Amino acid sequence: MHIAIIGNGISGITAARFIRKLSDHRITVISAETDHFFSRTALMYIYMGHMRFEDTKPYEDWFWAKNRIDLLRAYVERIDPDQKQLELRDRAPLPYDKLIIACGSTPNKFGWPGQDLDGVHGMYSFQDLEAMERHSPGLQRAVIVGGGLIGIEMAEMFHSRHIPVTFLVREPSYWNGVLPAEESQMVNRHIRENHIDLRLATELREIVDDGQGKAGAGIPGLGVRFLCGFGGRPAGVRPNISFLEGSGIETQRGILVDEHLRTSVPDIYAIGDCAQARAPRPGRRPIEAIWYTGRMMGETVAYNICDRAQSYDPGIWFNSAKFFEIEYQVYGNVQARPPENHASIYWEHSDGRRSIRIIYDRETLTILGFNLMGVRYRHEVCEKWLRDQAHVEEVLQNLSLANFDPEFYSEYEAKVIASYNQQTGKQLRLRQKRRLDSVLRFLRGATTIS
Amino acid sequence: METIKNIGLGSFVIALFTFILSLTFSQHVLTPELIGERVNSYRQEVLLEQAAPMLGKTYTSNLAFIQDLQPVLEATRQAIEKKAGIDPENGVWNAVYLPEGASEWEYRMGDGDIKGYLFSLTKYSATGLLPGNTWLFFALSMVLAVLGGLMYLLPDLQLIPGIKNNGIYLSHATRGVTLQLRLIFLGAAAIASVLVGVYKALLPAILTILAAAFIIFRIFQTNRQKNIKGQHSRTVTATKGLGLIGLAMGIFLIGFYVLLYFFPQYITNWTLMLDPISESLSGNPASQWFLYGFLYTVVMLVMGIRMLIKYRHNRYQLVRTSSVIFFQTAFAFLIPEFLVKLNQPYMDLKNAWPLDYDFYYDYNINSMVGQGQEFAIAGWATSVGTIMFIWGVVLTLMVVPLFTYFYGKRWYCSWVCGCGGLAETLGDPYRQLSDKSLKAWKAERYIIHGVLVFAIVMPGMVLYTYWTGSSQILSFDSYRVRSWYGFFIGSMFSGIVGTGFYPIMGSRVWCRFGCPLAGLMGIVQRFQSRFRITTNGGQCISCGNCSTYCEMGIDVRAYAQRGQDIVRASCVGCGICSAVCPRGVLRLENGTADIAQRTTEVRALHITPEGGIKLVG
Ligand SMILES: Cc1cc2nc3c(=O)[nH]c(=O)nc-3n(C[C@H](O)[C@H](O)[C@H](O)COP(=O)(O)OP(=O)(O)OC[C@H]3O[C@@H](n4cnc5c(N)ncnc54)[C@H](O)[C@@H]3O)c2cc1C
Ligand code: SF4
Ligand code: SF4
C-alpha cells in the first residue's frame with residue numbers, strides 16, 4: 001500500500017514515523033517548503049542567531065532513507081480522489097492508496113490596503129524567514145500588527161538585531177483574550193521594559209506605498225521605512241486549504257474530520273493545523289494550531305491507517321510560550337474572562353516577572369487550572385490533579401510536587417498557600433518537599449494526603 | 001553602555017598585543033656569573049668551556065640566543081659523557097669517573113636538564129625593556145586585559161536577566177568554522193604531533209595520523225555526498241562565511257599550548273613578570289607551570305564573572321560556576337603553592353587519577369609517601385605526604401564512585417574539575433560548536449574508552465616496573481609507554497586539542513572524547529547512578545535549543561520530544577540545556593525511582609502499545 005502525506009511538518013512527519021513503526025507500507029511525504037522536516041517553532045531562533053537552520057531539524061538527514069520514508073519536494077496543486085492521485089506542479093501525478101493531508105496553516109490577511117506591498121510579511125514559513133532576513137539590513141523600524149504569539153516572537157526577533165519595533169495591538173492589553181488580566185499586564189510591562197513601542201488598542205488602517213511598491217509611512221508618526229509583519233492574532237493563522245477547492249473534501253474553516261481523523265472522502269485523512277474536528281472533546285477547540293496536537297494527531301492517524309482504530313483524544317488542555325524573558329505555561333482551564341464558578345488564587349513576585357495562578361471551582365472546590373509565568377510546573381503532576389478532579393486544598397498542600405524549576409531556585413508554593421489562607425482564613429501548610437521520588441510515587445497513584 | 005563596552009574591548013586587544021609582543025622586548029647576555037648561579041658546580045666548568053664564544057655577547061632577541069645556546073648545551077652534555085668515561089660502543093653505560101662528591105645524575109645531563117637550563121638561562125640572561133620594567137608590562141598586559149575584560153562584561157548587568165544567546169551564530173567569533181576547516185585543523189594537529197614527537201615516539205605518531213585520517217575521510221565522504229545533493233547536513237558547518245575571529249582565537253590558543261609544553265624557553269619573559277607573585281606564594285620563582293596556573297586561574301575568574309552575569313537569573317548556574325572558580329583558585333592554584341612554601345609535597349587535592357595520570361608514577365609516589373611533616377595519628381607514625389597519597393587513592397576508589405552514584409558525574413565535571421571549569425567559563429561562548437551527529441557519538445565512545453583502557457594499563461605497567469624493577473613487559477617498554485601517554489594524551493589531547501580547539505570543535509572536546517576520569521564516571525553514571533534529566537510531559541516543541549547548547553554533543557531534543565528521561569554517560573550536568581529551553585521541559589534531578597521505565601524509548605507520548613490512549617506517563 002502506498003501512503004502519501006502532504007506536508008512535512010510535525011503532524012505529517014509524526015504520522016510517517018508511526019506508520020513506519022507499525023507497518024511496511026510505502027510512504028511518501030510531499031512538501032513544497034523544505035527538503036527536510038524542521039521545527040517551525042524554532043524559526044525565530046535562526047533569525048536571532050541562536051541556531052542555524054540545520055540545528056532546527058530534529059532528525060539527521062540520513063534518517064529518512066534509513067527508515068524508508070520517501071521525501072518529495074513538490075507542490076500539490078490538486079487532489080483527485082476519484083483517480084486516487086495527486087496532481088503536482090511541474091511533475092507527473094502521484095498515485096496513492098491512502099492520503100493524509102497535513103498541510104498546516106497560512107497567515108491571515110485582513111484586507112488592509114497595502115497588505116501586498118513589498119516589505120509586508122507574515123511569519124509562518126521558511127520562505128517568510130528568508131524574506132525577513134532580506135528586508136532587515138538598513139531597516140529603520142519594524143511595525144508588527146497583531147498581538148498574538150507570533151507577533152511577540154517577531155518583536156523579539158527584530159529587537160535582537162537592534163531594530164526598533166512598534167507593536168500594534170488591537171486589544172486594550174496584550175493577548176487578553178487568553179491571559180487573565182494580571183498576566184496580560186505583566187506581559188505589557190515586560191514588552192515595554194524591552195523598549196518596544198507597544199501601542200495597545202491601536203488598529204492598522206492602511207499601509208502606504210512609499211512610491212516604489214514598498215511599504216512606507218503607514219501610520220502617522222512612525223518613521224519612513226518599515227517592514228510590516230502580521231501574525232498571531234487569536235486568529236493569526238488559518239488552515240491552508242485553498243488548494244483543496246473542487247476536490248470534494250468537505251471543509252469549513254479547516255478540513256472537517258471525525259474522531260478517527262477521517263475526512264468526508266474515504267481513504268483521505270487530515271491532521272495538524274489544517275484539521276477541524278466535527279465534534280471536539282470538551283474543553284478543546286475544533287481547530288488547534290499548536291505543535292503537540294499535530295504530533296498527537298500524527299500518531300493517532302498512523303494507528304487508524306494501520307487498521308488499529310483509535311479515536312483522537314488530546315487530553316487535558318496545556319500549552320506554553322515565552323514572552324521575551326518570561327516563560328509561560330498553562331494546564332487546564334484558565335480563562336481570560338472567568339465564568340462565575342471560577343475562583344482564583346494569584347501570587348506575583350515583587351520583580352513583576354513571575355506569577356502563579358491556580359483556578360478552582362468555587363462550589364465544588366475541585367482544581368480547574370494552573371497558569372504560570374516565569375515558573376515551571378510539571379505537566380504530569382498538574383494533569384493528574386486535573387484528571388482526578390482533586391480538591392484544591394489537597395493540591396495546595398502538595399503543590400511542591402508540581403514545581404519543575406531548576407535546582408536551587410526559590411520555591412514560591414508557600415506564598416501561594418499563604419495567599420489562599422488569606423482569602424479563606426484557613427491555616428493550610430505545605431506537606432511535601434520537592435523530591436523526584438515523591439513525585440513519581442504520586443504519579444504511580446499512591447495518594448498524597450495522609 | 002556601548003562606549004564602555006567598546007573601550008573595554010579596545011583595552012583588551014591592546015593588552016593582548018602587548019602580552020604577545022612582550023616576548024620580544026628583551027636582550028640576552030650569557031655571563032659566567034649567571035652560569036655560576038643557575039648550573040650546579042660539577043657541570044659549570046664544562047659548560048663555561050663550551051659556552052666561551054657566547055659569553056658576554058649581547059643578543060638582541062631570545063630567538064638568536066636560544067639558537068646559539070641549544071647546541072652549546074648539547075655539546076656540554078657530550079663533553080661530560082666523555083669525561084665520565086661513558087662509551088656505549090664498548091658497553092660502558094655507567095660513569096667511570098665522577099667529580100668529587102657528585103652522584104652520577106648530578107654530573108651527567110639528561111633531556112630534562114637541557115630543557116631546564118635552556119629555560120632558566122634564557123630567562124635570567126634577559127636584560128632591557130621588559131626585564132627592567134616587569135611591573136609596568138604586567139600592568140599593561142595582564143592587568144589591562146582583566147580590566148578591559150571586566151569593562152566589556154559588567155555593563156551586561158543592565159540587561160534584563162534571561163537567556164542571552166542573540167547573535168551567536170551571526171558573529172565571526174562564535175559561529176564556528178566549516179567542516180573542512182575543522183578537519184584541516186585536526187589533521188594539522190596530528191601532523192604537528194608527529195613533528196614534535198618524532199625523535200621519541202615515531203610509531204604511535206604515525207598510528208594516530210592514520211587513525212585520524214581514516215575518521216576524517218569517513219566524515220568527509222558522507223558530508224560531501226550530502227553537499228553534492230544540495231542538502232544541509234546537521235554537523236557543524238557555518239551558516240555563512242568563516243568564523244575568522246574564532247579561528248584566530250583557536251590559533252592563538254594552540255600556539256600558546258605548543259610553546260608552553262614543548263618550547264617554554266621562548267616564553268620566559270612572561271614568567272619574569274610573574275616572579276614577584278610566585279615568590280610571595282611559594283618562595284620559588286615562576287616556572288612555565290606557574291605561569292600556566294596563574295593565567296588559567298585569572299582567565300577562569302574573568303570568564304567566570306561573565307558566566308555569572310550571563311546566567312544571573314539561574315541559581316544552579318550561579319552556584320555551580322562559583323564552585324568551579326573556588327576549586328580552581330583554592331585547590332589547583334593556591335593550596336599547592338602554599339604546600340610548597342611549607343615544605344610539604346605539592347598536590348592538587350581534587351585532581352583524581354586517572355585524570356591525574358602520573359599519580360601512580362614512581363617519582364610521584366616517591367615525592368609523597370614518607371615526605372613532608374611527620375606526625376602521628378593514634379600512635380601510627382606517618383607524614384603529610386603519606387596522608388596525601390592515601391587521600392589520592394581514596395579519592396579515586398571511594399569518593400569518585402560514591403559521589404557519582406548520588407549526584408552523577410556533574411559533581412566533578414562541572415562543579416570541581418579544572419578542565420571542566422575552564423570549559424564552562426572560557427569555553428562557554430563556544431559550547432554550541434560540539435558535533436551532535438550520531439557519528440560523533442559513536443566516535444566518542446570508541447575514543448574515550450580507548451583512552452580509559454590506555455590510562456589504566458599504563459600505570460599498571462609503571463607499577464609493575466616499580467615493584468619488579470623490570471621495565472620490559474611483553475616487548476613494551478613501560479617508560480616508553482608512559483612517555484607516549486604523556487605526550488599524546490597529556491599534552492596533545494588535553495591541552496592543544498582540548499583547549500586550543502574550543503572555537504573550532506566546542507568547549508568540551510577533551511572532556512567528551514579524551515578524559516579517562518570522565519570515561520570512568522560515565523560508566524557509573526550510565527549504569528548505577530541516581531542522576532538523570534527528567535522531561536516535562538508533552539511541552540517540548542522540538543526547537544533544538546537544548547541540543548545546540550549541549551557542550552557534550554548530546555542530542556537532548558531526541559529524548560525530550562518523546563518525553564523520555566535522559567541518562568547518558570557523557571552528560572556533565574552543566575544544566576544549560578535546562579536553562580536555554582524556552583518551554584521549561586528539562587530538569588536535572590537525583591532519584592532512582594522508576595528510572596528504568598522512564599528512560600525507555602517506547603514511552604509513547606500518546607498511544608500505548610496495549611492500545612489505550614494515554615498522555616505520557
Ligand atoms: C513562528 C511560529 C511559532 C510557533 N510557535 C509555536 C509554539 O511555541 N508552540 C506551539 O505549540 N505551536 C507553535 N506554532 C504552531 C506550530 O508550529 C504549528 O501548529 C505546527 O507547525 C503545525 O504543524 P503541521 O504539521 O500541521 O503543519 P506545517 O508545519 O505547517 O506543515 C505543513 C507543510 O505542508 C506544506 N504544504 C502545504 N500545502 C502544500 C501543498 N499543496 N503542496 C506541498 N506542500 C504543501 C507546507 O509548505 C508545510 O511545509 C508556531 C508557529 C509559527 C509559525
Ligand atoms: S526540550 Fe526545550 S529546548 Fe529542547 S527541543 Fe524541547 S522545547 Fe526545545
Ligand atoms: S545534557 Fe544538558 S546537562 Fe548534560 S551536558 Fe548536555 S547540556 Fe549539560
Side-chain angles (χ1 to χ4, degrees), chain A residues 10 35-36 39 41-42 45-46 48-58 60-62 160-161 190 193-194 291-292 295-296 299-300 303 308 310-311 313-316 318 320-322 324-325 327 329 376-380 383-384 404-410 435-437 440-441 443-444, chain B residues 160-163 165-171 222 226 231-235 237-239 313-316 318-319 432 436-438 534 536-539 541-545 547-548 557-558 561 575 578-579 582-584 587-594 598 604-607 611 613 615-617:
Chain A
I10 178 67
D35 288 332
H36 297 102
S39 179
T41 51
Y45 299 112
I46 303 175
M48 290 162 68
H50 293 207
M51 286 190 270
R52 298 154 301 174
F53 174 64
E54 300 91 283
D55 301 318
T56 67
K57 292 196 260 179
E60 288 186 66
D61 292 351
W62 49 258
S160 80
R161 298 251 188 124
H190 189 54
E193 77 179 332
N194 276 287
W291 188 258
Y292 75 85
R295 192 172 57 201
M296 290 174 174
E299 194 179 341
T300 311
Y303 279 81
R308 289 167 61 175
Q310 284 288 350
S311 43
D313 178 8
I316 291 162
F318 67 95
S320 56
K322 195 173 177 190
F324 288 84
E325 309 298 357
E327 289 175 18
Q329 292 184 333
R376 298 173 172 181
Y377 267 18
R378 201 185 284 267
H379 183 183
E380 290 160 279
E383 198 213 21
K384 184 167 158 60
F404 198 69
D405 270 338
E407 291 153 298
F408 305 118
Y409 270 46
S410 307
R435 272 190 60 228
L436 179 62
D437 285 1
L440 296 176
R441 208 175 314 122
L443 289 176
R444 277 197 306 263
Chain B
I160 300 168
I163 294 303
N165 287 338
N166 288 347
I168 284 188
Y169 273 110
L170 307 174
S171 152
T222 35
K226 276 180 198 135
Q231 298 168 335
H232 299 278
S233 71
R234 223 174 126 213
T235 44
T237 22
T239 344
H313 60 289
N314 186 317
R315 210 176 279 167
Y316 180 73
L318 295 183
V319 177
Q432 69 281 358
K436 317 299 186 304
S437 65
L438 191 63
T534 59
N536 200 3
Q539 290 284 25
I541 54 168
S542 304
C543 67
N545 275 297
S547 300
T548 303
R557 165 175 54 194
Q561 64 190 359
S578 159
R583 295 294 178 270
R587 183 161 199 274
L588 279 58
E589 325 224 27
N590 308 310
T592 42
D594 298 343
R598 293 180 64 96
L605 274 168
H606 186 209
I607 296 168
I613 287 197
L615 182 76
V616 279

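Predicted, not measured: the structure shown is a model, and the values here were computed from it. Every chain is numbered from 1, with letters handed out A, B, ... down the list of sequences.
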Note to self: Within the 4.5 Å heavy-atom criterion, are A:Glu407 and B:Arg315 side-chain neighbours or not?
What the structure shows: no
One should read off an interatomic distance between B:Asp594 CG and A:Asp437 CG, to the nearest 0.5 angstrom, of 8.5 Å
Heavy-atom nearest pair, B:Tyr169 first then A:Met51, reads CD1-CA, 3.7 Å
key: Sidechain-backbone polar pair: A:Gln329 side chain, B:Arg583 backbone, donor-acceptor under 3.5 Å   = yes
CG (B:Asn545) and NE2 (A:His50) are apart, to the nearest 0.5 Å, by 7.5 Å
Under 4.5 Å to a heavy atom of chain B? For A:Asp405 that would be backbone
Greatest number of non-hydrogen atom pairs under 4.5 angstrom with chain A, of B:Asn590, B:Ile168, B:Asn314, B:Val319, falls to B:Asn314
Heavy atoms of A:Arg444 and B:Ala593 approach each other most closely as NH1-CB, 4.4 Å
Keeping B:Asn536 on the side-chain end and A:Tyr377 on the backbone end, is there a donor-acceptor pair under 3.5 Å? yes
The interface call for A:Arg161 against chain B, heavy-atom contacts under 4.5 Å, is side chain
- Query: Just wondering, do A:Ile10 and B:Gln561 contact through their side chains at under 4.5 Å, heavy atoms?
  - Reply: no
Under a 4.0 Å N-O cut-off, is there an ion pair linking B:Arg587 with A:Glu380? no
Check: Is the backbone of B:Leu438 close enough, under 3.5 Å, to the side chain of A:Glu60 for a donor and an acceptor to pair up by distance?
Finding: yes
Side chains of A:His190 and B:Ile160: closer than 4.5 Å at any heavy-atom pair? yes
- Message: With heavy-atom distances below 4.5 Å as the criterion, would you say the side chains of A:Lys322 and B:Ile163 are in contact?
- Response: yes
Output for pair (B:His313 NE2, A:Tyr409 OH), nearest 0.5 Å, gives 5.0 Å
Heavy atoms of A:Leu436 and B:Gly591 approach each other most closely as CD2-O, 4.2 Å
Under 3.5 Å, side chain of A:Ser39 to main-chain N/O of B:Ile541, donor-acceptor pair present? yes
Next on the checklist: Can a donor-acceptor pair be found, under 3.5 Å and without considering hydrogens, that links the side chain of A:Arg295 to the backbone of B:Gly538?
Outcome noted: yes
- Query: Hey, are the side chains of B:Thr548 and A:Tyr45 touching, using non-hydrogen atoms and a 4.5 Å cut-off?
  - Reply: no
Checklist line | Residues B:Gln432, A:Asp55; criterion side-chain contact (heavy atoms from CB on, under 4.5 Å); working and verdict | finding: CA-CA 10 Å; B:Gln432 69 281 358; A:Asp55 301 318; over 6 Å; no
